[in-house]
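Working notes, beginning with the structure itself.
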Amino acid sequence: RTPLKMKAWNAMEYDEKLARFRQAHLNPFNKELGPRQHEQGPSEEALDISSEETLPELPPGEPGFHCSERVMDLGLSEDHFSRPVGLFLASDVQQLQQAIEECKQVILELPEQSEKQKDAVVRLIHLRLKLQELKDPNEDEPNIRVLLEHRFYKEKSKSVKQTCDKCNTIIWGLIQTWYTCTGCYYRCHSKCLSLISKPCVSSKVSHQAEYELNICPETGLDSQDYRCAECRVPISLRGVPSEARQCDYTGQYYCSHCHWNDLAIIPARVVHNWDFEPRKVSRCSLRYLALMVSRPVLRLREINPLLFNYVEELVEIRKLRQDILLMKPYFITCKEAMEARLLLQLQDRQHFVENDEMYSIQDLLDVHVGRLGCSLTETHTLFAKHIKLDCERCQAKGFVCELCREGDVLFPFDSHTSVCADCSAVFHRDCYYDNSTTCPKCARLNLRKQSLFQEPDPDLDA
């Protein structure tokens, strides 16, 4: 190559490298500031990388192989202008807040979904983390706050997968303080606590634990004065100014901030139609149903006695519960059973050892999926094994049929026995119905009572 061509080729290579450097190392924080110069040490000269007018020209006759060395000497192979991630020159809260605002403005000006905008978002997150480190989290926010019967505790988790129940936005646990109610699990930002207007539903569960057993009792949006049933903001079916969403449990209408289209099983549809399909409910109803799901408040025989005619599993469950109630006296009077704590097998369903009428929604759901029948059968077998095989004291409390006086020892929970409702005597089912529908033991007791209280005959006394 001729010296002239070599010089032109070197100049083109230099311009191309410098253009690539500018494109890769553009500092978004200094975008709006225009051309800036980077201050070098006292022995170096200032170089403006933002203006093409100050580009150094290659001296005439410079050998081509000195081009890369000149670039290295000028410091163009490294980024001396943009700060690395995690390094912040701001040392106080005010400077960090100013840097955060500048970074927000840069993000808005950059093209959407561009690499530069993504880098700026990462830088903004680091700035906020640095600001959070400088702030004292316990300075202004107490650990416990009580409001409208809510008992809020400050959360220490840094998870970002939570959503504020008040403003319906994400809770950024890394940079925001948030609270959770220990009663109803209501979550919200610390700044949203003063905006809460709904009392804690756990108080309603404690004082008035009952379900709405009418299927979607709608009264119309006009009865609510076209306002949300919870926060009272204006709503309409047309979505202006806010969309009206109906809660399938209460039948009332709510705004989009109070009704997130959450799905829940409706108790009224279960007890009347054996329908377990989830329906859309408001946030308040969702929390109430979640707290009530394990409470035995449904007396099925009074609410819908025909349900036992159509659901065979309920009949089996009722028989198992009745047998467990007959086993309970054996365990209460047995020392071994008390030490083994056999009744704790039903600690999750304590009402099963108290009565055979009350059900919870969780019980009915487990019956529907077939889970309750299996677990209750295993418990029934364990209880019967202790009474009839393992424990001699419980075996001694068995019965002998007073009609035939034959056969093995009988227990009231056996499937082939009948129990007198008055005196609790146990008989073979076949013997009891073949001889009489009246308990012979009760008959003897009645005759004895009559003989005791019968008036004496005066002729016999004379």
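Heavy atoms only: backbone and side chains are in, while hydrogens, waters and symmetry mates are out.
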Using only atom types and a distance under 3.5 Å, with no angle test, would you say the side chain of [X] pairs donor to acceptor with the backbone of [Y]?
X    : Y    : result
N273 : D275 : no
Q117 : I107 : yes
N304 : V271 : yes
H259 : Q246 : yes
H189 : W178 : no
R321 : N355 : yes

Atom of [X], atom of [Y] and distance for their closest heavy-atom approach:
X    : Y    : answer
I324 : F352 : CG2-O, 4.2 Å
L263 : P278 : CB-CB, 3.7 Å
R301 : E357 : NH1-OE2, 4.1 Å
Q224 : A229 : NE2-N, 3.7 Å

Could you list the donor-acceptor pairs under 3.5 angstrom formed by side chains in residues 369-382, with sequence neighbours left out?
residue, atom, partner, partner atom, Å
R371, NE, D366, OD1, 3.2
R371, NH2, D366, OD1, 2.5
S375, OG, R371, O, 3.3
S375, OG, L372, O, 3.1
T377, OG1, G373, O, 2.6
T379, OG1, S375, O, 3.1
H380, NE2, D323, OD2, 3.2
T381, OG1, T377, O, 2.9

Flag the pair [X] / [Y] as yes when at least one side-chain heavy-atom distance between them is below 4.5 Å, and no otherwise.
X    : Y    : result
R151 : T182 : yes
P267 : L289 : yes
Y253 : L237 : yes
C188 : D165 : no
V297 : S360 : no
C258 : S282 : no
K388 : Y330 : no
L221 : I235 : yes

### Query
Under the side chain to side chain contact (heavy atoms under 4.5 Å, CB included) criterion, do V201 and C284 qualify, and how do the steps go?
CA-CA 8 Å; V201 297; C284 182; 3.7 Å; yes
Atom pair [atom1] ([X]) and [atom2] ([Y]), whose distance is rounded to the nearest 0.5 Å:
X    : Y    : atom1 : atom2 : result
Q105 : I100 : CD    : CD1   : 14.5 Å
R245 : K280 : CZ    : NZ    : 7.5 Å
L320 : L325 : CG    : CG    : 11.0 Å
I215 : I266 : CD1   : CD1   : 10.0 Å
C200 : L291 : SG    : CG    : 7.5 Å
R269 : E277 : CZ    : CD    : 8.5 Å

### Task
Answer yes if the ring centres of F331 and H386 are under 6.0 angstrom apart, and no otherwise.
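F331 vs H386: aromatic centres under 6.0 Å.
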### Message
Does atom CZ (R393) have a neighbourhood of more than 12 heavy atoms from anything else shown, all under 6.0 Å?
### Response
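For R393, atom CZ is not crowded (no more than 12 foreign heavy atoms under 6.0 Å).
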### Task
Report, as yes or no, whether the 6.0 Å neighbourhood of atom CD on E339 holds more than 12 heavy atoms from other residues, nucleotides or ligands.
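Correct, the count exceeds 12.
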### Message
Before you tell me yes or no, could you show the steps for T180 and E155 under side-chain hydrogen bond (donor to acceptor under 3.5 Å, both in side chains), namely the whole-Å CA-CA distance, both residues' side-chain angles and the distance that decides it to 0.1 Å?
### Response
CA-CA 7 Å; T180 300; E155 291 288 351; 2.8 Å; yes
### Message
Between R279 and I265, is the side chain to side chain contact (heavy atoms under 4.5 Å, CB included) condition met? List the steps.
### Response
CA-CA 6 Å; R279 301 298 204 286; I265 297 175; over 6 Å; no
Short side-chain donor-acceptor distance under 3.5 Å, [Y] and [X]:
X    : Y    : value
E212 : N214 : yes
S256 : E243 : no
Y254 : Q252 : yes

### Task
Report the relative orientation of the aromatic rings in W274 and F276; use parallel for angles under 30°, tilted for 30 to 60°, perpendicular for over 60°.
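Perpendicular, since the angle between the ring planes exceeds 60°.
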### Query
According to the interplanar angle, ranging from 0 to 90°, do the rings of Y249 and Y288 count as parallel (below 30°), tilted (30 to 60°) or perpendicular (above 60°)?
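Rings of Y249 and Y288: tilted, 30 to 60°.
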### Message
Please determine whether side chain to side chain contact (heavy atoms under 4.5 Å, CB included) holds for the pair Y211 and M292, giving the CA-CA distance in whole Å, both sets of side-chain angles, and the decisive distance to 0.1 Å.
### Response
CA-CA 9 Å; Y211 285 118; M292 288 283 293; 3.3 Å; yes
### Task
Could you tell me whether K319 and E316 make a salt bridge, using a distance below 4.0 angstrom between a side-chain N and a carboxylate O?
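No salt bridge links K319 with E316.
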### Query
Salt bridge between R318 and D356, side-chain N to carboxylate O under 4.0 Å?
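Salt bridge between R318 and D356, a charged N being under 4.0 Å from a carboxylate O: no.
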### Query
Just checking, R283 and Y186: is the charged tip under 6.0 Å from the six-membered ring centre and within 45° of the axis?
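No; the conditions do not both hold, so R283 does not lie above the ring face of Y186.
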### Message
As a test of understanding, state which of D363, L213, V270 forms a side chain to side chain contact (heavy atoms under 4.5 Å, CB included) with L298.
### Response
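Answer to the side chain to side chain contact (heavy atoms under 4.5 Å, CB included) test with L298 among D363, L213, V270: L213.
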### Message
Test side chain to side chain contact (heavy atoms under 4.5 Å, CB included) on E102 and Q98; report intermediate values, then the result.
### Response
CA-CA 6 Å; E102 294 177 358; Q98 182 179 0; 3.6 Å; yes
